[in-house]
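Within every chain, numbering begins at 1; the chains are lettered A, B, ... in the order of the sequence lines, protein sequences first and strands thereafter.
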Amino acid sequence: MISTERQVVLEVRGLGKLFGDQDPGAVVRTGPELGTAKDPQGNTVVAAWDVDFEVAAGEAFGVIGESGSGKSTVMRMIAGDVTASAGTVRLRKRDRSRVDLLGLTPSERRALRIDELSIVHQDPADGLDLRVTAGGNIADPLTAAGWRNFGQIRERAAELLTRTEVPLDRMDDLVKTFSGGMKQRVQLARALANNPPLVLFDEPTTGLDASVAAGVLDLIRDLIESLGIAAVVVSHDFAVIEMLTSRCMVMQHGRMVEQGVTDQLLEDPIAPYTQRLVAAARA
Amino acid sequence: MSVLSIRDLRKHFVLHNVGGRRVDALHGIDLDVEAGEHVALAGSSGAGKSTLLKCVYRTDLPTAGTVIVDTDDGPVDVTALADADLVTLRGRAFGYVSQFLRAEPRRGALEIVARAGQARGMDRDEALDAAASALGRLGIDESLWDVYASVLSGGEKQRVNLAAGTISPPRLLLLDEPVSALDPSNRDAALDLIADLTDQGVAVLGVFHDLDAMRRLASRVVLMRDGRIDRVGPPDVVLDELTGVAR
Amino acid sequence: MTLVHDDELDTATPAVAAMPESTVASSLTPPEPEPVGILDEHAKREVRRAMLSAVCIPGYQVPFGSREMPVARGWGSGGLQITLALVGADDVVKVIDQGDDEGVNAVNLRRLITDTTGAEETTEVDEATVIQTRHRIPEDEPTDDQVLVLQVPVPEPLRGVERDMMELARMHAEADYARMWVSLYEDVVRNGVITKSTGYPCLVGGRYVMATTPIPRWDVPRLHQSPFLSLFGAGRERRIYAVPPLTDVEPLTFDDIPFEVERTEGATCSLCGATEAYLVEVPASRPGGEGRWTCSDTAWCRRRREQNAEEAS
């Protein structure tokens, strides 16, 4: 009924990562019921296992967990920074073809990062070149995508910086002179430069002052809604997940503990761990 | 068919944080709401009124039973709906107005209400017009339309909620204490708005503590007690019993 | 070296020990020596292999085992190795430094080459088979049976934007030149124009970005679809790259910022009167005096002066 109108952009099935000896037998010896992701019989760490979710255009999906939950590993596998041990990650590209990211070479992955998939990092320094101007950081993905007209590059950069509320008179300033919140906005502008269908947000406001974070979250929410991108938001902070996402999942010891509509997960958490997390957040 | 058909709806909570204590909130609710009908849920605190509303919206996950909503594309069981579809359905067909303004970004009241209209299918200009008239009708001064909603008073926020929940009348409107923080004159304007919606064919399921509001708006009152439906009837009958007023 | 047969000996055998001393001495005398090469045949073979690879992959920097040369690193050892691997007694070599045949460095290199390979030397482009240069393409364009050998100090065009060797290799391999484009963008933002003067980065054959060091912007357009082969040698950095004849060489620039060559309004060569040549400024001989301009290509300038004198008489 309603599903036919949804355009699923990201489909994650059975995603998993083993570190260390990578003994597949460790899977049954680890998990939330056993209270650990580390194999008691060896040195395999089941950082993530059996992770399933999907995100459509215009939707934001949250991944919540404490440190060690596996949420960062999941993000990094989708981003291509970590090689997955199992599963598939299907991306619907701009040309409407679907590709399993995990079957691509590192070189093909890098090509996707130009205009199909962007990442907004927790530390803006990881997603920006601090020695380059704000405009220059946006010129980077644009030229990588083949833009060769200086005037048009400037125009597009100015448009994006305006959209992310960065004062235009700072467009030619080196990014290292910007405050943390401003750096994050420039990172957002850069991530959106080539209109990628999928954007990953990794703890997008952790480390920012509360008032600054609020402004950045507003902006992210606004951008997700108005640009129709598919977003995955990873955070340990329920307030961020609540603000930005309509559906989310909770991870613990590498497994999905619960998945549902965000306000339902916060209002009526079913799993004991989720209840603990929510109670702690509400306290 | 009814806009909303609830069959044998049950809900219990298991509170793992307090040793796994089980709280039974709903014990099998059967209820229909027709188009153009305003069904008011009455009863003391803890009777299950809000829980029932939340189960229909699926903010609370029903433990058993069905909640069937008649949509433009046919009947849909909310309890069995995939998460993503529920999100879409809520935006399209449900209005939900509670006392609280959900964590809202720094947006003005006009923008919040207009966006709700757009989610329901209005185009931008239409939505802005409708938002302006809804806010005007509820007495939110134009000077407040662009101010960040978070700085509004409780009563103002509640009216913004109401405007957002009712712009482009949804098929089903769920109201959870929508006028509790309003002073008498604003309350009247709000109640008028809600009454108009029923006239326009919206199916309304509302929770009010305010007996007058119920008398004014409800076509039927459902009296709840301990998670069950105790009594159903016209407002004056049920409410008189409740208050012990003989008419 | 060959053994000389004494008329009285049938073969050069160990039986020589039994011969009279005078015949032994004459049979052991070496002939007039051929020039002693600086590069042995193995080294030449390696350089030639690198050159062939370079010609097959225009603009790609081919690593090679750069040998110790009797020229300090950074003073043309790379170009020298290419020339030594190329020339023999049949060749005629022209060597210029900043366009000048008589620069100290050019003179030394030319002597080294001719002494050790038996090749002839010249200052005239049309007489040369190989032209080695540090800074210019001669104003008289080389033809399709000549080879231009360029001495390169820094072969890596991306050096300004990346230091890590693995990352540089990846960038060239994946044609990921975004960082270069960003640095051009920053240049325009800071200075209004792209300010690179020598070593201007160019896209060769539509694939690799190459440093045109050491030639000035003036000469860059002359590489595009040139009839001659250009070989670039970097001895210190151990790289050889090439622009084969009739290859596209496009200076990197934005579509709306045309590539411009150096030009000083109203400057003419004070010796031959040329305006459409690459001119260099000669500082004033006295403080407070005026500087003047002369052609960078001294041989070309001299010929023009000779022509001017002929026409005048």
> Counting heavy atoms not belonging to A:D52, are there more than 12 under 6.0 Å from its CG?
Replying inline: yes
>> Between A:I270 and chain B, with a heavy-atom cut-off of 4.5 Å, which part of the residue counts as in contact: side chain, backbone, both or neither?
In response: both
> Taking all atoms of both residues into account, what is the closest heavy-atom pair of B:A84 and A:E59, and its distance?
Replying inline: CB-OE2, 3.8 Å
>> Using 0.5 Å steps for rounding, measure from the CZ atom of A:R247 to the CG atom of B:L86.
In response: 10.5 Å
> For the residue pair B:H16 and A:A271, what are the closest heavy atoms and their distance?
Replying inline: CD2-C, 4.4 Å
> Any sub-3.5 Å donor-acceptor pair from A:E267's side-chain atoms to B:D60's backbone N or O?
Replying inline: no
>> Is it the case that atom CZ in B:R225 sees more than 12 heavy atoms from other parts of the structure closer than 6.0 Å?
In response: no
> Any ion pair linking B:R90 and A:D263 (charged N to carboxylate O, less than 4.0 Å)?
Replying inline: yes
>> To check you understand the geometry: which heavy-atom pair defines the closest contact between B:D83 and A:G260, and what is its length?
In response: OD2-CA, 3.2 Å
>> Between B:R58 and A:D268, does the salt bridge (Lys or Arg N to Asp or Glu O under 4.0 Å) criterion hold? Intermediate values first, please.
In response: CA-CA 9 Å; B:R58 224 180 87 183; A:D268 181 23; over 6 Å; no
>> Applying side-chain contact (heavy atoms from CB on, under 4.5 Å) to B:R115 and A:E225, what does each step give before you reach the verdict?
In response: CA-CA 10 Å; B:R115 296 248 180 158; A:E225 275 178 25; 3.1 Å; yes
> Which of residues 1-15 of chain B get closer than 4.5 angstrom to chain A, counting heavy atoms alone?
Replying inline: B:K11, B:F13, B:V14, B:L15
>> To check you understand the geometry: which heavy-atom pair defines the closest contact between A:A279 and B:N17, and what is its length?
In response: CB-ND2, 3.5 Å
> Does atom CD of B:E142 have more than 12 heavy-atom neighbours from other groups under 6.0 Å away?
Replying inline: no
